[in-house]
Participant: 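Sharing a structure below in structure tokens format, with a few things to ask.
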Amino acid sequence: MTDRLDAELSVPGTLRAGINLGNILLVTGQTADGDPEGVAPAMAAGLAAHLGLKVDLVPFASPSAVADAQAEDAWDIALIAEEPERAKTIAFCDAYVEIETTYLVPAGSPITALDQVDRPGVTVAVSERSAYDLFLSRSLQHATLHRALGLKAAFDLFVAEGHDALAGLRPALLENSTTLPGSKVLAGCFTAVRQAVGTKPRNIALQAAITDYLRQAKADGTVAALLARYGVDDKLTVAG
């Protein structure tokens with residue numbers, strides 16, 4: 001670790017990592033000490049070890065909370081999806097995994113394909129300020145979004161209010177569909193959510209170090225091994 005890199009850290013010698021607890025594919029449990037456990041925490045720990053730093057996992061309930069905490073200097077790196085709106089205040093270095101997004105529709109729905117969702121009168125439940133909510137907010141021209149905070153709340157909103165579709169991560173929607181007889185997860189995806197590592201725009205040395213580590217971790221099988229270790233290799237893919 002260089003002096004320049006250490007100077008960019010708010011706590012010298014420690015890499016504070018903002019972790020989104022709301023992504024159940026990347027945070028799959030917790031340790032005996034109560035720290036988050038899963039692919040994202042392991043990626044943060046691996047980066048810290050590579051740089052010769054201690055890691056401090058800083059948990060947040062949602063990706064929007066992680067992104068907002070940048071203004072409060074609550075973390076040195078953030079492990080959330082890269083997204084143009086977030087990139088206004090966060091320097092994303094690279095993505096390490098990708099997750100397909102699609103829609104869940106209820107039993108008997110006339111919607112059978114992705115291109116049938118964006119039509120007048122169609123209502124879509126979505127997790128507020130998730131990467132795919134931000135994407136749909138820019139791209140949908142006719143359908144109306146109805147938001148709830150978090151994946152579970154969005155699913156509950158979809159069921160309780162009878163919306164036409166639920167937008168979400170394919171693996172999560174497949175699990176949701178098992179509790180709704182006759183419901184269907186649509187084929188294809190409207191966007192791929194790229195889970196990445198970001199930092200403060202001014203932290204140039206840290207950006208370079210993160211980029212180098214992620215390139216190596218994807219190439220040498222480190223990321224793939226983490227997906228297998230935490231049992232999500234059938235749900236996530238290593239980002240290109």
Participant: Name the one of Val185, Leu169, Leu166 that satisfies side chain to side chain contact (heavy atoms under 4.5 Å, CB included) with Thr102?
Facilitator: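 That would be Val185; it is the only one of Val185, Leu169, Leu166 passing the side chain to side chain contact (heavy atoms under 4.5 Å, CB included) with Thr102.
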Participant: Run the side-chain hydrogen bond (donor to acceptor under 3.5 Å, both in side chains) test on Thr112 and Gln116 for me, step by step, so that the C-alpha distance in whole Å, both residues' side-chain angles and the decisive distance to 0.1 Å come before the verdict.
Facilitator: CA-CA 7 Å; Thr112 59; Gln116 297 171 1; 3.3 Å; yes
Participant: Rounded to the nearest 0.5 Å, what separation is found between the CG atom of Leu226 and the CE atom of Met43?
Facilitator: 7.0 Å
Participant: Begin with the C-alpha distance, continue with both residues' side-chain angles, and end with the deciding distance and a verdict on side-chain contact (heavy atoms from CB on, under 4.5 Å) for Phe158 and Val105.
Facilitator: CA-CA 9 Å; Phe158 168 68; Val105 295; 5.7 Å; no
Participant: Are Asp68 and Arg86 close enough for a salt bridge, meaning some N to O gap below 4.0 Å?
Facilitator: no
Participant: At their closest point, which heavy atom of Gly240 faces which heavy atom of Arg194, and how far apart are they?
Facilitator: O-NH2, 3.7 Å
Participant: Is Arg16 paired with Asp73 through a side-chain N to carboxylate O contact shorter than 4.0 Å?
Facilitator: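 Result for this pair is yes, salt bridge flagged.
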Participant: Could you tell me which non-hydrogen atom of Val55 sits nearest to which non-hydrogen atom of Ala48, and how far apart they are?
Facilitator: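 Minimum heavy-atom separation between Val55 and Ala48: CB-CB, 3.7 Å.
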Participant: Without swapping roles, check the side chain of Asn203 against the backbone of Leu206 for a donor-acceptor pair under 3.5 Å.
Facilitator: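 No; zero donor-acceptor contacts below 3.5 Å.
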Participant: Determine the minimum heavy-atom distance between Leu145 and Ser137, stating which atoms define it.
Facilitator: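 That closest heavy-atom pairing would be CD1-OG, 3.7 Å.
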Participant: Parallel, tilted or perpendicular for Tyr132 and Phe190, by the 30°/60° rule?
Facilitator: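 The rings of Tyr132 and Phe190 stand perpendicular, inter-plane angle above 60°.
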Participant: Looking at residues at least two apart in the chain, or sitting in another chain, which of them share a side-chain hydrogen bond (donor to acceptor under 3.5 Å, both in side chains) with Thr123?
Facilitator: His163, Asp164
Participant: Checking side chain to side chain contact (heavy atoms under 4.5 Å, CB included) against Leu9, which of Ile77, Leu53, Thr14 comes through?
Facilitator: Leu53
Participant: Check the pair Arg138 / Asp133 against salt bridge (charged side-chain N to carboxylate O under 4.0 Å, His left out), numbers first and verdict last.
Facilitator: CA-CA 9 Å; Arg138 296 191 303 270; Asp133 174 26; over 6 Å; no
Participant: Counting only heavy atoms not in Lys235 (residues, nucleotides, ligands), do more than 12 fall under 6.0 Å from its NZ?
Facilitator: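 Yes, enclosed.
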Participant: When you compare the side chains of Thr31 and Asp33, does any donor N or O come within less than 3.5 Å of an acceptor on the partner?
Facilitator: no
Participant: Under a 3.5 Å distance rule, please check whether Ser183 uses its side chain to pair with a backbone N or O of Leu180 as donor and acceptor.
Facilitator: yes
Participant: I'd like to know if Glu128 pairs up with Arg147 as an ion pair, taking the criterion as any Lys NZ or Arg NE/NH1/NH2 lying under 4.0 Å from an Asp or Glu carboxylate oxygen.
Facilitator: no
Participant: Going from CD1 on Ile80 to CG on Leu26, what distance comes out if it is rounded to the nearest 0.5 angstrom?
Facilitator: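 One gets 12.0 Å once the value is rounded to the nearest 0.5 Å.
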